[in-house]
Amino acid sequence: MQYKGKKMNAIVVVDQNWGIGCSGQLLVHLPGDLKYFKEKTLGNTIILGRETFDSMGGRLLPGRKTIILSRNTDFAPGCPVLHSLDEALEYVEDNPNETIFVAGGESIYRLFLPYCDAFFVTKILKAFDADRHFPNLDASPDEFVINWSSDIMEENSVNYQFFEYIRK
């Protein structure tokens, strides 16, 4: 399928090595990041993989339309389930008034990275043991640029900062 370019966003929290999770869980609990995620995604559409959905307790987040990408054709969690990248891109094109946020996990981020124009990244200024990673946007300065950043914040003895990257 030829994608016509409807803008999509990605939203992610990473550690200093761009790790995003370990053993199916977030690296650290940061209430401020969860609030930021809610502010950005509320009233919009989120796309996530089945494993990420399961890691959230298998519950839909209120105030957001959720789309799950899964190869399992019998999976029926009470929201739309799409089974391929082409199906997801077709959905996005057929619903041009929706703001889309790709919300994980690792394989879903990598699949949608070429189609995202804005990246809302919470950077934890510390390294954790991680077995899942987000592509390092800082390693591609010719493709991605920081458009905005917040002040450094601290919660649970962890410093972090919000960034917005855009594709050049």
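Throughout, numbering of the chain's residues begins at 1 and tracks the sequence.
For Thr41 (side chain) and Phe37 (main-chain N/O), a donor-acceptor pair under 3.5 Å exists by modelled atom type. In this structure, Asn72 contributes its side chain and Asp74 its backbone to a donor-acceptor pair below 3.5 Å. In this structure a side-chain-to-backbone donor-acceptor pair under 3.5 Å is missing from His133 to Trp18. Of the possible polar contacts, none joining the Ser140 side chain to the Asp142 backbone as a donor-acceptor pair under 3.5 Å is found. In this structure, the side chain of Thr52 engages the main chain of Gly105 through a donor-acceptor pair within 3.5 Å. Formation of a donor-acceptor pair under 3.5 Å by the Arg64 side chain with backbone atoms of Pro62 is found in this model. A distance-only check finds a donor-acceptor pair linking the side chain of Glu87 to the backbone of His83 [under 3.5 Å]. Proximity of a side-chain donor or acceptor of Asn159 to a complementary backbone N or O of Leu125 within less than 3.5 Å is not detected. Panel note: side chain Asp33, backbone His29; no donor-acceptor pair is recorded below 3.5 Å. Put simply, the side chain of Asp54 never gets that close to the backbone of Gly58: no donor and acceptor are under 3.5 Å apart.
Side-chain contact between Met153 and Phe162: present, with at least one pair of heavy atoms (C-beta onward) separated by less than 4.5 Å. Side-chain contact check for Phe119 versus Arg167: some heavy-atom pair is nearer than 4.5 Å. Proximity of Asn44 to Ile100: side-chain heavy atoms (C-beta onward) are nowhere separated by under 4.5 Å. Taking 4.5 Å as the limit, every side-chain heavy atom of Leu48 sits out of range of all side-chain heavy atoms of Leu69. Side-chain contact between Gln16 and Lys123 is absent, with no heavy-atom pair separated by less than 4.5 Å. Put simply, the side chain of Pro135 reaches to within 4.5 Å of the side chain of Arg110, judged on heavy atoms. Leu61 is listed as a side-chain neighbour of Arg59, based on a closest heavy-atom distance under 4.5 Å. A heavy-atom distance below 4.5 Å is not found between the side chains of Ser55 and Phe53.
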Handout entry: side chain to side chain contact (heavy atoms under 4.5 Å, CB included) between Ile67 and Cys79, worked out
Key = CA-CA 6 Å; Ile67 297 170; Cys79 66; over 6 Å; no

Exercise for the section: Output, in order, the C-alpha distance, side-chain angles, deciding distance and verdict of ring pair (Phe, Tyr, Trp, His ring centres under 6.0 Å) for Phe120 and Phe101. Expected result: CA-CA 9 Å; Phe120 297 89; Phe101 284 89; 5.7 Å; yes

Exercise for the section: Could you walk me through whether Val14 and Val121 pass the side chain to side chain contact (heavy atoms under 4.5 Å, CB included) test, one step at a time? Expected result: CA-CA 7 Å; Val14 302; Val121 180; 3.8 Å; yes

Practice task
Evaluate side chain to side chain contact (heavy atoms under 4.5 Å, CB included) for Thr99 paired with Thr45, printing each intermediate quantity in order.
Solution key: CA-CA 6 Å; Thr99 300; Thr45 299; over 6 Å; no

Practice task
Apply side chain to side chain contact (heavy atoms under 4.5 Å, CB included) to the pair Val102 and Asn9, showing each step before the final yes or no.
Solution key: CA-CA 6 Å; Val102 178; Asn9 308 288; over 6 Å; no

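For the atom pair OG1 of Thr66 and CD1 of Ile68, the computed distance is 6.5 Å after rounding to the nearest 0.5 Å. Rounded to the nearest 0.5 Å, atoms OG (Ser157) and NZ (Lys126) are 7.5 Å apart. Put simply, CD on Glu155 and CD1 on Ile124 are 10.5 Å apart, with the number rounded to the nearest 0.5 Å. The SG atom of Cys116 lies 13.5 Å from the CD1 atom of Ile166; values are rounded to the nearest 0.5 Å. Note: Glu90 CD to Asn95 CG = 10.0 Å, rounded to the nearest 0.5 Å. To the nearest 0.5 Å, the span separating OH on Tyr115 from CG on Leu85 amounts to 5.0 Å.
A donor and an acceptor atom, one from each side chain of Tyr160 and Glu154, are nowhere located under 3.5 Å apart.
By the 30° and 60° cut-offs, the orientation of the rings of Trp148 relative to Tyr36 is parallel.
In terms of heavy atoms, Leu27 sits closest to Asp129 at CD2-O, 3.4 Å. Looking at every heavy atom in both residues, Ala118 comes nearest to Lys7 through CB-CE, 3.9 Å. The two atoms that bring Val81 and Ser70 nearest to each other are CG1-CB, 4.1 Å, heavy atoms only. Residues Phe112 and Ala88 share a closest heavy-atom pair of CZ-CB, 3.5 Å. Closest approach of Leu30 and Val158 over heavy atoms only: CD2-CB, 4.1 Å. Closest approach of Gln161 and Ser150 over heavy atoms only: NE2-O, 2.7 Å.
Enclosure of atom NZ in Lys35 is not indicated, since only 12 or fewer non-hydrogen atoms of other residues, nucleotides or ligands lie within 6.0 angstrom. Within 6.0 Å of atom CD in Glu164, more than 12 heavy atoms from other residues, nucleotides or ligands are found, so the atom counts as buried in its surroundings.
With hydrophobic clusters built from ILVMFWY side chains whose heavy atoms lie under 4.5 angstrom apart, Leu26 shares a cluster with Val28. A continuous path of hydrophobic side-chain contacts links Val92 to Leu111 [ILVMFWY only; heavy atoms under 4.5 Å]. A continuous path of Ile, Leu, Val, Met, Phe, Trp and Tyr side chains, each step under 4.5 Å between heavy atoms, connects Tyr91 with Ile108, placing both in one hydrophobic cluster. By the criterion of side-chain heavy atoms lying less than 4.5 angstrom apart, applied directly or through intervening Ile, Leu, Val, Met, Phe, Trp or Tyr residues, Ile20 is not grouped with Phe128; the two fall into different hydrophobic clusters. Following chains of ILVMFWY side-chain contacts shorter than 4.5 Å, one cannot reach Phe75 starting from Ile47, and the two form parts of different hydrophobic clusters.
No option in Asp117, Asp138, Asn147 other than Asp138 meets the side-chain hydrogen bond (donor to acceptor under 3.5 Å, both in side chains) test with Tyr165.
Side-chain contacts under 4.5 Å among hydrophobic residues (ILVMFWY), followed directly or transitively, place Leu42 with no other residue at all.
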